[in-house]
Enquirer: 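Structure in structure tokens, see below.
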Protein chains: 2
Amino acid sequence: MVTAWIPHYCGPVAKPLDPEMFDPLCPSELMPIRVGDKWAGMIIQCLEDGPRRFSELRVPLRNITPKVLTKSLRTLERDAFIVRTIHAGPSRQVQYELTSLGRSLLELLDAARAWAETHLEELIDAREAAIARASRTS
Amino acid sequence: MVTAWIPHYCGPVAKPLDPEMFDPLCPSELMPIRVGDKWAGMIIQCLEDGPRRFSELRVPLRNITPKVLTKSLRTLERDAFIVRTIHAGPSRQVQYELTSLGRSLLELLDAARAWAETHLEELIDAREAAIARASRTS
DNA sequence: CAGGATCCTTACCGATACTG
DNA sequence: CAGTATCGGTAAGGATCCTG
């Protein structure tokens, strides 16, 4: 994930999230590691560069349905990994942001992703061998 | 997990598994990280010190029912994290052992456990606050 | 001993439609 | 915009009993 910096702010500024960020073939998807529910790990990674809005999050998460996203976000909020802030304005605006606890999970997620990238070939080989075995049995 | 060494063998030797190894309050349970299904991570950690038998594994895994253990083991075998060996003998004996791929997951699991231990207090606080909030609402 | 068979309950996840 | 409401399918997990 790329981080951009602006002077006199000295914090990461959010870049548009990549719709292909979590396509089904990326290591984040292939690794057998999960944080919380299916989406929690991906959500946390989406928040790495700064706060995001509800509808902004849906894009990289393969247009996750609002119900599922809401549930996952509420769980993350309950467990103190993110905070939810409502900014009043012309159009309603809700921001989700990592807490320090949530941020501390990023390292772990990076480690998991690194593991998956390292062993990607083995993982795919095993999967293909399993498929071959299954088709031979049937 | 403790490792004992015997000379002229130079490999870890299995110690009896602790029945309380994965009690519901240990960091392995509190951490929001999972490898594969609910039991996979715990099984892998049980195999850290060497091969184990089916019935041996059930003890630390809170007397998991055989059906569930079998399914989890088969999945781990399919994905090349463990190997299953049948040793013929007076009474049937089946051993489960980590592959190098499975073994490589141990670091990640250790990192996850370390994370959970570091943030244990925050995790419990968040959980308790959530419970308090819930009871106030009802 | 190492499981398989059966039944059941719940959780997860998704699609669609609707609302303050 | 940020959700709720409703419905439905699938899979995970577990209890109990049975078997080569």
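Values in this document were obtained by computation on a predicted structure and should not be read as measured data. Letters A, B, ... mirror the listed sequences (proteins, then strands); counts begin at 1.
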Enquirer: With B:E56 as reference, evaluate B:R53, B:R58, B:R52 under the side-chain hydrogen bond (donor to acceptor under 3.5 Å, both in side chains) test and give the passing residue.
Expert: B:R52
Enquirer: So, for B:L57 and B:C46, which heavy atoms are closest and what is the spacing to 0.1 Å?
Expert: CD2-CB, 3.7 Å
Enquirer: Can you list, pair by pair, the side-chain donor-acceptor contacts under 3.5 Å of residues 74-98 of chain A, counting residues two or more places apart and other chains?
Expert:
unit_1: A:T75; atom_1: OG1; unit_2: A:K71; atom_2: O; d: 3.0
unit_1: A:R84; atom_1: NE; unit_2: A:Y96; atom_2: OH; d: 3.3

Enquirer: As an exercise, state the distance from CG of A:L101 to CD of B:E121, rounded to the nearest 0.5 Å.
Expert: 12.0 Å
Enquirer: Could you tell me which residues satisfy salt bridge (Lys or Arg N to Asp or Glu O under 4.0 Å) with B:D110, sequence neighbours excluded, listed by chain and number?
Expert: B:R113
Enquirer: Give me the atom names and distance for the closest heavy-atom approach of B:R133 to B:A126.
Expert: NH2-O, 4.4 Å
Enquirer: Mind checking B:R58 for me? I need base, sugar-phosphate or nothing, with any heavy atom below 4.0 Å counting as a touch.
Expert: nothing
Enquirer: If I take atom CG from residue B:L61 and atom CD from residue B:Q45, how far apart are they, to the nearest 0.5 angstrom?
Expert: 10.0 Å
Enquirer: Specify the residues of residues 83-90 of chain B, ordered by number, for which at least one heavy atom lies under 4.0 angstrom from an atom of DNA chain C.
Expert: B:R84
Enquirer: Angle between the two end axes of the helix from C:dC1-D:dG20 to C:dG20-D:dC1, five base pairs per end, rounded to 10 degrees?
Expert: 50°
Enquirer: Which residues satisfy the side chain to side chain donor-acceptor pair (under 3.5 Å) test with A:S72, sequence neighbours excluded?
Expert: A:D37
Enquirer: Consider the side chain of A:Y96, meaning its heavy atoms from C-beta on, and name the nucleotide among D:dG3, D:dA12, C:dA2 that approaches it most closely.
Expert: D:dG3
Enquirer: Tell me, for nucleotides 13-20 of chain C in 5' to 3' order, what letter each nucleotide earns: B for a base near a protein heavy atom under 4.0 Å, S for only sugar-phosphate near one, - for neither?
Expert: BBB-----
Enquirer: Looking at D:dG3, I'd like to know if its phosphate oxygens (OP1 or OP2) sit under 4.0 Å from a side-chain N or O belonging to A:R53.
Expert: no
Enquirer: Step by step, would you call A:F54 with A:L69 a side chain to side chain contact (heavy atoms under 4.5 Å, CB included)?
Expert: CA-CA 8 Å; A:F54 188 87; A:L69 179 55; 3.8 Å; yes
